[in-house]
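What follows is a single structure, written as structure tokens, with notes after it.
Here the structure is a predicted model, which is why all the values come from computation and not from measurement.
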Amino acid sequence: MINITTNIEGEDHILMVEGDVDASSSIHLDEALTELANDESVKFILVDGTQLNYISSAGLGVFMSYIDDFKNKNIRMVIFGLSEKVLNVFQILGLDQLMTIVSDKKEAKEKLHEVQS
């Protein structure tokens, strides 16, 4: 079971992912990210993983598929609040090197808005 909600805080779009992202539910994550990617007003995405219990390779593949798209559209994304178990899955596949993953929302907002050189 998965529940995905999007909230807006200022210029930040917060994507809250609750439950399990597996092969059958990853399509919902893909749809939510597609919607954000196609919205020209979106520049900052925070993915709230505090309620994410499990992610499969299909779910990780969804995140990976947006790395270049977001870069090309100048959209910055930060993932925060992952449990140790879920974070470990990202690390095993080296995705923590390709995406910004931090521990909490405060740090995520700081990373999202830091000036890039």
Quiz item: Is any side-chain heavy atom of L36 closer than 4.5 Å to a side-chain heavy atom of I75?
Solution: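 No. Closest side-chain heavy atoms not under 4.5 Å.
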Quiz item: Is there a donor-acceptor contact under 3.5 Å from the side chain of R76 to the main chain of F70?
Solution: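 Not at all, since once roles are kept as given, no pair shorter than 3.5 Å links the two residues.
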Quiz prompt | Backbone of E35 reached by a side-chain donor or acceptor of D39 within 3.5 Å | solution = no
Practice problem: Not counting sequence neighbours, which residues clear salt bridge (charged side-chain N to carboxylate O under 4.0 Å, His left out) with D48? List them please. | Solution: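 Here no residue qualifies.
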Exercise. Apply salt bridge (charged side-chain N to carboxylate O under 4.0 Å, His left out) to D69 and list each qualifying residue two or more places apart in sequence or on a separate chain.
Key: K73
What distance separates [X] [atom1] from [Y] [atom2], expressed to the nearest 0.5 Å?
X: I14; Y: N7; atom1: CD1; atom2: CG; answer: 6.5 Å
X: I4; Y: T6; atom1: CD1; atom2: OG1; answer: 8.0 Å
X: M77; Y: I67; atom1: CE; atom2: CD1; answer: 7.0 Å
X: L112; Y: D12; atom1: CG; atom2: CG; answer: 5.5 Å

Do [X] and [Y] land in one hydrophobic cluster if side-chain heavy atoms of ILVMFWY residues count as linked below 4.5 Å?
X: L52; Y: V78; answer: no
X: F63; Y: V21; answer: yes
X: I55; Y: L46; answer: no
X: F80; Y: V42; answer: no

Quiz item: Hey, are K106 and E110 close enough for a salt bridge, meaning a charged N less than 4.0 Å from a carboxylate O?
Solution: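 Yes.
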Quiz item: Does H113 have its ring centroid less than 6.0 Å away from the ring centroid of F44?
Solution: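 Ring-ring flag for H113/F44: true, centres closer than 6.0 Å.
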Anything under 3.5 Å between a donor and an acceptor, one on a side chain of residues 22-30, the other on a protein residue two or more places apart or in another chain? List them.
unit_1 : atom_1 : unit_2 : atom_2 : d
D22    : OD1    : S24    : N      : 3.2
D22    : OD1    : S24    : OG     : 3.0
D22    : OD1    : S25    : N      : 2.9
D22    : OD1    : S25    : OG     : 3.0
S25    : OG     : D20    : O      : 2.9
S25    : OG     : D22    : N      : 2.9
S26    : OG     : D22    : O      : 3.4
S26    : OG     : A23    : O      : 3.3
D30    : OD1    : Y66    : OH     : 2.7

Would you be so kind as to tabulate the donor-acceptor pairs closer than 3.5 Å made by side chains of residues 83-102, with sequence neighbours excluded?
unit_1 : atom_1 : unit_2 : atom_2 : d
S83    : OG     : V86    : N      : 3.2
K85    : NZ     : N53    : O      : 3.3

Exercise. Taking side-chain hydrogen bond (donor to acceptor under 3.5 Å, both in side chains) as the test, write out the residues that go with E11, two or more places apart.
Key: none
Quiz item: Sequence neighbours excluded, which residues qualify as side-chain hydrogen bond (donor to acceptor under 3.5 Å, both in side chains) partners of K105?
Solution: E9
